[in-house]
There are 2 protein chains.
Amino acid sequence: MSKITLKKIATHFNVSISTVSKAINDSYEISEQLRTKIQDYAKANNYRPNKVALNLLNRNTKTIGIVIPNILNYFFVQVLYGIESVADIKGYSIITCITNQSLEKETKTLELLSAGSVDGIIISSAADESELPGHVPQIKKLHDNQIPMVMFDRVTDLIQCDKVIVDDYEAGYKATRFFINTGCRTIAVVTPIEDSNISKLRIDGYKKALDEMGVDFDEKLIVPIGKEDDLDITMSFLLNYRPIDAIMTLDEITAVKVMSIVQSRGYRVPEDISIIGFTNGELSKYVTPSLTMVSQHGKYIGETTVDILIDRIENKDSKKEFETKVVKTSLIVRNSTKKPL
Amino acid sequence: MSKITLKKIATHFNVSISTVSKAINDSYEISEQLRTKIQDYAKANNYRPNKVALNLLNRNTKTIGIVIPNILNYFFVQVLYGIESVADIKGYSIITCITNQSLEKETKTLELLSAGSVDGIIISSAADESELPGHVPQIKKLHDNQIPMVMFDRVTDLIQCDKVIVDDYEAGYKATRFFINTGCRTIAVVTPIEDSNISKLRIDGYKKALDEMGVDFDEKLIVPIGKEDDLDITMSFLLNYRPIDAIMTLDEITAVKVMSIVQSRGYRVPEDISIIGFTNGELSKYVTPSLTMVSQHGKYIGETTVDILIDRIENKDSKKEFETKVVKTSLIVRNSTKKPL
DNA sequence: CTGTTAGCGCGTTCAT
DNA sequence: ATGAACGCGCTAACAG
């Protein structure tokens, strides 16, 4: 006995399908007697209207697709958490797709999602800035498909849609100012996401702060690290190049690793070298010393993103202009930085 | 112009819907000329067959529902990661539901998923042992609904289905043995999940090891902590109760916190007190000293779970007995424990 | 080669 | 108070 349907119930009572449908939906058209008889039977057999059939009928799925590059990254998990909370409250399910930074998988995923299985899409693109131009048509196609979409964090100007982004420029600026205010002058930047727009913005903010304080910008202090790179070696180069006062690291795990390397080389943190990282997760609280971090408020970003998306979904006709919401960061000051002078 | 359908293409070319369907599916029945004409038009208009319609037709969705208690827990994220990887390869999407340990939400979620939107379900129940009996009927109803289901980690004997569990008994045993082998005798257990079966099993293993080595079991050394409890105070009681050699903590974050508290009270880790935690995440590697942890191999568990589920889904007729796979843990030895004598 | 019919499961007219 | 007919978008069996 597989899943029970209206049809089976109808057969069982020797009535028509629509009668059963009405009875189950408490229609006044059906006699009380028959209605309760059918309802009881339905309950007893654990009848649930087939969602897929209803989706087809209503042309919606009450489901949102989430496309993120990486789920082992605390920031994205936080965003996901925020999305799920709000989606749940508003009656939506989420289908999660992880691209592992692979453009190919992202494209495949987008194809899948654009085939009607979701009412809207939230995406943080895996595409690096460099790869993006060639990739945009893919995303665009989907978007032209009339399916509401909101991008967050890793966005691009090349696509017109609602966006929720972090104020990365200001974040880079604030962190750098903080370094300078605590007496640091030679500030390095270690970036595991060099090709991204995000990285660029943070570094622009960094430059702005340097400039304001009359500190010369030194290209060599910007240290990109690839997936395969040996962080130890890269750090050796950096530390031998110039005496470093401070290091800004553009994610959490690298911040922790950099601190560990620096310490193992005999530098004291923060006395010799201060460190600020990005993404305020669990790690940074518990390392020694605890790390000063830029919090991007991932959960809030998730909540905001899904709010906007659901609004688009439920008011498709509205000709509202696309908006780009900018979420400010907070500097969570701990013990990897010196006290302001 | 909303989404394009076969019907619209048919109207456009003034042919029948099935002709279009066949043309798009490269049927030999359609003349080459018409076929390419239709295909070109379809491609140009970015036609994608509506998945919902196909789901209804094929009575499957190629989607798996995942129900987990908490996504901010590294173990579950790892499992999720493992599930997603394999599911993707096998052509399944995943819809993720987070219960936040709420039985109510779990029930709601299960209702939702049992309405035909997924082909199978993977669940780690939010239910504590104490709440379980009342909850089982809910899960059971779903299960009786013929929808394949695999439980992992937090399972119960009350439900008959495939399961993938951690060898928690052995894990507790191994960790305790390790303590004893490094000269520890008075070993406390801090458990944030006291009501769970998992916690019981680990403690049973712990008792077994104590017994084998002729160490008396002391009930007072088992320290449950609730969500609201002040860990600081709880630890004070413990440390004042007896001189403690070692602490086994049943999750990761508590291990880190316990170590921090112990250190702040002037104890050296591991010289005065050794610590072993559960769940080998990022945290434990980078705290000082790095923590010795029990790894449950979350990713592997996820992969295994989804393998079993998909097998059930795709061979529904097979009358294979339900299996319970037990995954062994590994003790990742770092610096929060002493060297074996 | 192309079209008609039927049906996946459901809710919604509109008849009876 | 009950049922027949229709359509959501699609494929497949069958007709022409």
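Lettering follows sequence order; numbering is per chain, from 1.
- If you measure from atom CG of Asn55(B) to atom C1' of dC8(D), you get 14 Å, rounded to the nearest angstrom.
- Ring geometry, Phe75(B) versus Phe152(B): the interplanar angle falls from 30° to 60°, so the pair is classed tilted.
- The distance from atom CG of Leu56(A) to atom P of dG7(D) is 14 Å, rounded to the nearest whole Å.
- At least one donor-acceptor pair under 3.5 Å links the side chain of Asn70(B) to the backbone N or O of Leu72(B).
- Taking the ring-ring contact (aromatic ring centres under 6.0 Å, His included) definition, one finds that Tyr74(A) meets it with nothing, sequence neighbours left out.
- With sequence neighbours left out, Val155(B) forms a side chain to side chain contact (heavy atoms under 4.5 Å, CB included) with Met151(B), Lys163(B), Ile165(B).
- Protein chain A contacts DNA chain C from dC8(C) to dC14(C), reading 5' to 3' and using non-hydrogen atoms of the protein with a distance under 4.0 Å.
- Applying the salt bridge (Lys or Arg N to Asp or Glu O under 4.0 Å) rule to Arg35(B) yields the partners Asp26(B); only residues at least two apart in sequence or on another chain are considered.
- For the 3.5 Å distance criterion, the side chains of Asn55(A) and Thr61(A) fail to qualify, holding no donor opposite an acceptor.
- Among the protein residues, Val52(A) comes within range of no part of the nucleic acid, since none of its heavy atoms lies under 4.0 Å from any strand.
- Take Asp88(A) and apply the salt bridge (Lys or Arg N to Asp or Glu O under 4.0 Å) test, not counting sequence neighbours, and it matches Lys105(B), Lys108(B).
- Among the heavy atoms of the strands, none lies under 4.0 Å from Phe13(A).
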Checklist entry - How would nucleotides 11-16 of chain D be written as a contact map, 5' to 3', with B for base contact, S for sugar-phosphate-only contact and - for no contact, using protein heavy atoms under 4.0 Å? => result BBBB--

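- Of the side-chain N and O atoms in Lys7(B), one or more sit less than 4.0 angstrom from OP1 or OP2 of dC8(D).
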Item to check | side-chain contact (heavy atoms from CB on, under 4.5 Å) evaluation trace for Ile123(A) with Arg154(A) | outcome: CA-CA 8 Å; Ile123(A) 177 172; Arg154(A) 309 199 181 179; over 6 Å; no

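- Rounded to an integer number of Å, the gap from Ile24(B) CD1 to dC10(D) P is 8 Å.
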